[in-house]
Amino acid sequence: MNEVLEFIRENDVKFVRLNFCDIFGFQKNISIMADELASALENGISFDAHVIRGFRDITQSDLFLFPDPSTIAVLPWRPGNGRVVRFFCNIKTPDGSAFDRDTRNILKKATEKMLGMGYDCKIGGEYEFYLFKNSDNGELSNSTLDNGTYMDISPLDRGEDIRREICLTLEEMGIKPERSHHEQGPGQNEIDFKFDDPVASADDQQTFKTVVKAIASRNGLSASFMPKPLPDAPGNGMHINLSLYRNGKNIFKNAGEGHSKDAESFIAGILEKTPEITLFLNPLANSYERFGKFEAPKYVSWSHQNRSQLVRIPAASGRNVRMELRSPDPSLNPYLAFALIISAGLDGIEKNKVLPPAVDEDLYLANKSITKDLTELPDTLEKAIALAERSAFVKDIIGGQLMSKYLDIKKIELNEFMTTKDKTQIYAAQRKLY
């Protein structure tokens, strides 16, 4: 605590932003003056939880934000004089207990269980987003920044300076992007990150989305992480890379080297549970427009290197050998998603799940004799809600109250979607929101 307060004094910090998110991952914050930070660290800062979607009703509306000192970061795009720093926060009730719908804490608990079992999971993300030009009134338009395609260079790729600015800003905040490039879609970009502990990786994703939108806005553009912002172009995926360590050693192996039994059971657990956790990996009706095309999966299957699969083992070596889960999209809440994915893998280990044979086929071209025995991912929000609602596993990991709130809100969204004749109105709003 003293080190944090000393940093605040020495770096002319005037404003402190206390960040948290609702149950769907939307970031929220409250700003306090720097001289209030000591009190916030000790006593928390109260806020009205009633108006945060999915939190509490009006009869129990007080919750408290406690800054996590390990997450302090200067916001580089704010003025040099009178600096602004940001903390992620733990959410507590008035009696000092952890709030049961604090999704960051749910991921912490899943991580603690994993460590207690003798494992350490590292997570790295690959994030895709579109850059759109703004209209004359400053709103996101229908025109993408460019018409580039996969890994094009300037002048076809007009986003390289934006990506460079994003990466440099993230570095200033202590976050480590590894690579960036133009993706397949017009105006579509991808930035990939070095693996980290689950909570830190989820925090970094939240920061990343904030930075992308801030840098885009500063350049007169709008960024969208909507799963399928353009109907005839590739969707935005969020490939999640996981490696699993035991006694400091990565237990994933390359093709031909032979995976450990625990690694295979970890993958098997994730494969088995993915259909029932899909609602939390792909939370929008629009998410299901992405499946089964442009390298987004349709079936529950795995293979080495094969990008038509739900899970693939990329070609890599040493600490970089990992599994890649390819179904999620960036509209998810990373804390919930990571907690469920890790817990699914641990469930596979606890129950000695057997990894099914690899499907070494291009599933976009494979005939029915190959695909007929494969489980399909839910292809609509309605199906995903039904699978989640029946899942004792999901309820056990995220808690009954959070699950109930999440499902209730998603059913309202589904009803609105199903009863709206012109779906493009909903999609247009989501393209701006996400």
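In what follows, every heavy atom counts, from backbone to side chain, and hydrogens, waters and symmetry copies are set aside.
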Salt-bridge test for D197 and K122: reply yes if a basic N is under 4.0 Å from a carboxylate O, no otherwise.
-> yes
Got Y406 and P283 here, is their nearest side-chain heavy-atom distance under 4.5 Å?
-> yes
Residues that F291 engages under ring pair (Phe, Tyr, Trp, His ring centres under 6.0 Å), provided they are two or more places apart | Y288
Scan the side chains in residues 376-387 for donor-acceptor partners under 3.5 Å anywhere in the protein, sequence neighbours excluded, and list what turns up.
residue, atom, partner, partner atom, Å
D379, OD1, K383, NZ, 2.9
T380, OG1, K383, N, 3.1

Row check, F66 ring normal vs K92 NZ/CZ: under 6.0 Å, within 45° | yes
What residues form a side chain to side chain donor-acceptor pair (under 3.5 Å) with R53, not counting sequence neighbours?
-> E413
Verify whether one side chain among D204 and S201 offers a donor that lies under 3.5 Å from an acceptor in the other.
-> no
Scan side-chain atoms only and decide if D203 and Y335 contain a donor-acceptor pair under the 3.5 Å cut-off.
-> yes
F294: partners by ring pair (Phe, Tyr, Trp, His ring centres under 6.0 Å), with sequence neighbours left out | none
Aromatic ring pairing F225/F129, orientation class (parallel under 30°, perpendicular over 60°, tilted between) = tilted
Please identify each residue that fulfils side chain to side chain donor-acceptor pair (under 3.5 Å) with E190, with sequence neighbours left out.
-> none
D146 side chain reached by L131 side chain, heavy atoms, under 4.5 Å | no
Non-hydrogen side-chain atoms of F417 and K423 separated by less than 4.5 Å | yes
Hey, what's the ring geometry for F193 with F208, parallel, tilted or perpendicular (30° and 60° as the breaks)?
-> perpendicular
Would Y150 and H181 count as a close aromatic pair, with their ring centres under 6.0 Å?
-> yes
F55 vs F99 aromatic rings, parallel, tilted or perpendicular, using cut-offs 30° and 60°?
-> perpendicular
Report the residues that fulfil ring pair (Phe, Tyr, Trp, His ring centres under 6.0 Å) with Y119, sequence neighbours left out, ordered by chain and then residue number.
-> none
Given side chain to side chain donor-acceptor pair (under 3.5 Å), test D329 with S287 step by step and report yes or no.
-> CA-CA 7 Å; D329 68 59; S287 298; 2.8 Å; yes
Residues D68 and R104 bridged, charged N to O under 4.0 Å | yes
Ion pair K113/E350, N-O distance below 4.0 Å = yes
Using modelled atom types only, decide if a donor and an acceptor are shared between the side chain of S265 and the backbone of D262 within a distance under 3.5 Å.
-> no
Are any of the side-chain heavy atoms of R290 and N282 separated by less than 4.5 Å?
-> yes
How are the rings of W302 and H304 set relative to one another: parallel (under 30°), tilted (30 to 60°) or perpendicular (over 60°)?
-> perpendicular
